[in-house]
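See structure below.
In the text below, chain A, chain B and the rest are named by the order of the sequence lines, each starting its count at 1.
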2 protein chains.
Amino acid sequence: MSRSLREALTRIDVAPLRRPTAAESVRSALRQQIVDGHLRPGTRLVEETIGSALGFSRNTVREALALLAAERLVVRETHRGVVVATLSSEDVRDLYAARRVIEPAALRRGPGLDVAALEGLREAVTLGQDAARGEDVQGMVSANQLFHRRVSALSGSSRVQELMEDMLAEMRLVFDVMTADRTFHPDFLHRNGQIVALLEAGDRDGAAEAMLAYLHDAEVRLLSAPVWDDRD
Amino acid sequence: MSRSLREALTRIDVAPLRRPTAAESVRSALRQQIVDGHLRPGTRLVEETIGSALGFSRNTVREALALLAAERLVVRETHRGVVVATLSSEDVRDLYAARRVIEPAALRRGPGLDVAALEGLREAVTLGQDAARGEDVQGMVSANQLFHRRVSALSGSSRVQELMEDMLAEMRLVFDVMTADRTFHPDFLHRNGQIVALLEAGDRDGAAEAMLAYLHDAEVRLLSAPVWDDRD
DNA sequence: ATTGTCAGATTGTTCAACAGCCAGTACGTT
DNA sequence: AACGTACTGGCTGTTGAACAATCTGACAAT
């Protein structure tokens, strides 16, 4: 094979192009229902029921549930079944401890911070502001998650991004509890803007510190919410 | 039920006490074989073969393989099968990007740094020194991984620890390539000691910076190794 | 109230089957 | 020799049925 041909071929990124396997379909369908709040925390997920509802066999559903359990979106207890995860205040502490490690560090040192990345962050902030003006709570949550997803992308590690992805899904379970508080999201959307402004000014350490404070305050605010499932 | 009895019972932490399920057994058996290097990167894992070898059905094996794939220890390609993961230089870069985010941040700000934690870190260093004196490569790797596992524990987040756990397992796949280089491990064990010394002196920022430098150097050293599987 | 017992429901696990896909092999074309 | 085609064996993806183990709730017995 000629040298130039080989080199030209390396530039093709061959798309995965495989249609999702059955287990993947079930997995993402359930995942979607959970993060969208249609399957509330505590809901029992019965294999047979899901299987016949979605048109897949029990074994396939089992595989999907096992993966969701690895993601912590559902909890499996042997011989007792699977339920949509119900987060405890301990989980909230754990999630925010993780985010305080990852997000400030990504801002401070992550190798992914370039012009395009800054624009992406700015865009997420703008989307959030639009949603806030329209009092669109779903939109605010999505924009906020987009912002933090892109922050974690600055880490330059797909493994870190994947963890953040999972944790953001878990956060939807948390916000299930917070639907009452109408001021929660707007307050924190504003602070996203401040963080981006610091980055744009070239002050990465400042942005990292602002993120740390943000996460601290958000955790306190969430933990002060009335009801947490703390029967562990 | 009497009041005092109820109160006494709350103090029992009821151990999980469930013996591992079949899929879990297969999963951990395979995991062990992989991290111990008995199943080398690239080895094909055929469901039927594993099943009959370990005495479990194909379905059970499938569940175990799905979980290992989620952990990235094996790679599953649809209709093509499962092989023990072969890491590319891109994977090494990704892993170290993740570690540079997590480990320095855990040292700098993690809430888990107390006297007991410091002792644990010091112990890991001592174990490493002992292994180095005995030229015990396996022991050095284990001690080093214990050290970094305990650093990640400073994060105060089980989710971060879990990610680190998975990544350390992946690192075993990396070291499969590095068995040639006899000086790799002793060099870096020494630097673990310096990091602990900084912590003991109360200089968390300094320890974080030292960790950052450590991880940078380790990555460079690994990437300079002759052969990486970079056919992606 | 506490405990023993039993039936129903659901999970854990196996087995057997079949379609679909992949890699390799052989064969014929150009 | 390079290429296209057809065939084949091996494995994966997925299903459906089956059975034992175990949990849950209800009801009866103490």
Side-chain angles (χ1 to χ4, degrees), chain A residues 1-6 9 14-30 39 42-70 73-86 231, chain B residues 1-9 14-30 39 42-70 73-86 231:
Chain A
M1 190 185 297
S2 79
R3 194 160 181 3
S4 64
L5 173 57
R6 177 176 297 276
L9 290 180
V14 50
L17 186 63
R18 23 163 261 292
R19 67 170 165 292
T21 178
E24 279 169 6
S25 302
V26 176
R27 180 179 187 277
S28 67
L30 289 177
L39 287 172
T43 307
R44 284 205 57 185
L45 302 179
V46 180
E47 297 175 353
E48 179 61 39
T49 310
I50 296 173
S52 58
L54 301 183
F56 291 98
S57 82
R58 194 156 81 87
N59 275 336
T60 300
V61 174
R62 271 184 75 76
E63 190 171 321
L65 290 177
L67 293 174
L68 289 173
L73 278 187
V74 304
V75 176
R76 168 175 251 160
E77 276 172 310
T78 317
H79 277 294
R80 209 176 303 179
V82 173
V83 300
V84 178
T86 301
R231 46 195 149 89
Chain B
M1 190 186 294
S2 80
R3 197 161 184 350
S4 65
L5 172 56
R6 177 178 295 278
E7 277 174 18
L9 291 180
V14 51
L17 185 63
R18 38 165 245 295
R19 68 172 162 292
T21 178
E24 279 168 6
S25 302
V26 176
R27 179 181 189 280
S28 67
L30 289 177
L39 288 172
T43 307
R44 284 205 59 182
L45 302 179
V46 180
E47 299 175 353
E48 178 61 39
T49 309
I50 296 173
S52 59
L54 301 182
F56 292 98
S57 82
R58 195 157 80 88
N59 276 338
T60 300
V61 174
R62 271 185 74 78
E63 190 171 322
L65 289 177
L67 293 175
L68 289 173
L73 278 187
V74 304
V75 176
R76 167 175 251 158
E77 274 172 311
T78 317
H79 277 294
R80 209 176 305 180
V82 173
V83 300
V84 178
T86 302
R231 43 192 148 93

(request) Take the protein atom CZ of B:R62 and the nucleotide atom P of C:dT14, then report the distance between them rounded to whole Å. (result) 14 Å

(message) Can you give me the closest heavy-atom contact between A:G81 and A:R44, atom names plus distance?
(response) CA-NH2, 4.2 Å

(message) Measuring from the side chain of B:E47 (C-beta onward, heavy atoms only), which nucleotide among C:dC15, D:dT12, C:dT13 has the closest atom?
(response) D:dT12

(request) Please state whether the base of C:dT10 and the side chain of A:R58 form at least one donor-acceptor pair under 3.5 Å? (result) no

(message) Do A:V84 and A:V75 have side chains that approach each other closer than 4.5 Å (heavy atoms only, starting at C-beta)?
(response) no

(request) Would you name the heavy atoms of B:A23 and B:A64 that are closest together and state the gap between them? (result) O-CB, 3.7 Å

(request) Please examine the side chains of A:L45 and A:L39, heavy atoms only from C-beta on, and report whether any two atoms are closer than 4.5 Å. (result) yes

(request) Select base, sugar-phosphate, or nothing to describe what A:L65 touches, counting heavy atoms under 4.0 Å on all strands. (result) nothing

(message) Assuming nearest nucleotide by heavy-atom distance, tell me which of A:R80 and A:T60 is located more 5' along DNA chain D.
(response) A:T60

(message) Without decimals, in angstroms, what is the distance between B:E48 CD and D:dG13 P?
(response) 14 Å

(request) Calculate, to the nearest 0.5 Å, the distance between atoms CG and CD1 belonging to B:L65 and B:I50 respectively. (result) 5.0 Å

(request) Take atom CD of A:E77 and atom P of C:dT11, then tell me their distance rounded to the nearest Å. (result) 13 Å

(message) What's the closest nucleotide to the side chain of A:R44 if the choices are C:dT10, C:dA16, D:dA21?
(response) C:dT10

(message) In this structure, how many angstroms lie between the P atom of D:dC11 and the CD1 atom of B:I50, rounded?
(response) 12 Å

(message) Tell me the interatomic distance from B:L54, atom CG, to C:dT14, atom C1', rounded to whole angstroms.
(response) 15 Å

(request) Rounded off to whole Å, could you give me the NE2-to-P distance for the B:H79 and C:dC18 pair? (result) 18 Å

(request) Using atom CG of B:N59 as one end and atom P of D:dC19 as the other, report the distance to the nearest whole Å. (result) 17 Å

(request) Please tell me which of A:F56 and A:T78 maps to the more 5' nucleotide of DNA chain D, matching each residue to the nucleotide holding its nearest heavy atom. (result) A:F56

(request) Could you check how far CG of A:L45 sits from P of C:dG12, rounded to whole Å? (result) 13 Å

(request) Among C:dC21, D:dT22, C:dT11, find the nucleotide with the atom closest to the side chain of B:R19. (result) D:dT22

